[in-house]
Amino acid sequence: MTLFYHFDETQPLKGRLAMGIEYDGSRFCGFQRLKHAASVQGALEDALTKVANAPVQIHASGRTDSGVHATRQIIHFDAPAERSEKAWIFGANTNLPRDVAVRWIKPVSDDFHSRLGALGRRYRYLVLNQISRPVLERNNVTWCRDPLDADAMHRAAQALVGEHDFTSFRAAGCQSKTPWRQMHFVDVKRYGPLVMIDIQGNAFLHHMIRNIAGALISVGRGAQDEGYIERLLALRNRKLGDVTASASGLHFVDSLYDERFDLPKEPLGPNLLAFTGEWTGERALPDSPRVAARRKLTFTKKASDPAQESL
């Protein structure tokens, strides 16, 4: 996929459709639809329902928390009506608020499931490391006025790679049945005043990345040594963990699927990091039993039923 191409307006798209979504989560209480507050899911379903002139229910690759952003959230839905690529994209964007946008749409087979079929999910956490508070970037970064040692943060973060019990980094109210997760990689890099924590894993616990970011910032500031992260992992006790970093710095930047689905490739976000030139899917997934097993899974339309959402 290139940065510029013409949307088809002649061929009707039907069946199961996958979409790439971008949003600024600042004013939303997370992705999942809520009765009492604004949600990204609610905005998307309302917009797509208007395009299809029939109810649309979507499923997402991950449910981001309140205030968290996304540049490559993948959703899917079973289209109740036939519309062209251009009609789906332009129609949805016309009816969406300005802080949510559809980037692309693609027909997929019925065994595609945006959440259950995801092989990995990738986030980037951005810290603006300078003396003065951010202005133009204030909704998309966390601010730290103390000098951060990004190299020390990177070395400390390597204790997270692999499969571990992440109890020390999960929120007290996390509803996951297990604290075990597999991290594919964790990189910490500095780009001028920006410090980026780049992390990919099979899945994440509630507030897990923000709790990791808070602990790594303590290492970067010199308040903790490089063995701090490894010790926290071993404690398996959230009460002994570090602070939870702000949601404003967290960006959901990729969700990976088996190559057979041939989803569009696009530059990893956020645009503050576009100069790095990295596109989605460039890093190989680990050769692990968990990834191999997920590749073999197939899903039918019945897998979209709410009763199976806990799989």
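For clarity, every value in this text was computed on a predicted model and none was experimentally measured.
- Counting only residues at least two apart or in different chains, salt bridge (charged side-chain N to carboxylate O under 4.0 Å, His left out) contacts with residues 131-149 comprise D146-R221.
- With sequence neighbours excluded, the residues forming a ring pair (Phe, Tyr, Trp, His ring centres under 6.0 Å) with H164 are F166, listed by chain and number.
- By the 4.0 Å N-to-carboxylate-O rule, D198 lies close enough to R122 to be salt-bridged with it.
- By the salt bridge (Lys or Arg N to Asp or Glu O under 4.0 Å) test, E282 is found to be paired with no residue, residues two or more places apart in sequence or in another chain being considered.
- Other members of the hydrophobic cluster containing V253, listed by chain and number, are L268; membership follows side-chain contacts under 4.5 Å among ILVMFWY residues, whether direct or relayed.
- For the pair K50 and E45, the salt-bridge criterion is not met [side-chain N within less than 4.0 Å of a carboxylate O].
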Hey, mind stepping through V102 and I21 against side-chain contact (heavy atoms from CB on, under 4.5 Å) and telling me if it holds? CA-CA 5 Å; V102 175; I21 309 298; 3.7 Å; yes
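- Sorted by first then second residue, the salt bridge (charged side-chain N to carboxylate O under 4.0 Å, His left out) pairs that include residues 150-168, not counting sequence neighbours, are R155-E226, E163-R290, D165-R236.
- Residues satisfying the side-chain contact (heavy atoms from CB on, under 4.5 Å) test with D99, not counting sequence neighbours, are D24, R27, F28, P97.
- Side chain of S248 to main chain of V141: a donor-acceptor pair is present (N/O by atom type, distance under 3.5 Å, no hydrogens or angles).
- Residues in residues 87-97 take part in no side chain to side chain donor-acceptor pair (under 3.5 Å) pair, two or more places apart or across chains.
- Among residues at least two apart or in separate chains, salt bridge (charged side-chain N to carboxylate O under 4.0 Å, His left out) pairs with a member in residues 181-194 are D187-R283.
- Qualifying ring pair (Phe, Tyr, Trp, His ring centres under 6.0 Å) partners for F185, counting only residues two or more places apart in sequence or in other chains: none.
- Within the structure, ring-ring contact (aromatic ring centres under 6.0 Å, His included) contacts touching residues 190-217 (residues at least two apart or in different chains) are Y123-F204, Y191-F275.
- For the side chain to side chain contact (heavy atoms under 4.5 Å, CB included) with F31, the qualifying choice from D65, V68, L44 is L44, the only one to do so.
- A search for side chain to side chain donor-acceptor pair (under 3.5 Å) contacts involving S114 returns H76, not counting sequence neighbours.
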Side chain to side chain donor-acceptor pair (under 3.5 Å) between N202 and R121, worked out: CA-CA 6 Å; N202 70 307; R121 297 166 176 87; over 6 Å; no
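- Contacts of E22 classified as side-chain contact (heavy atoms from CB on, under 4.5 Å), with partners at least two apart in sequence or in another chain: T71, R103.
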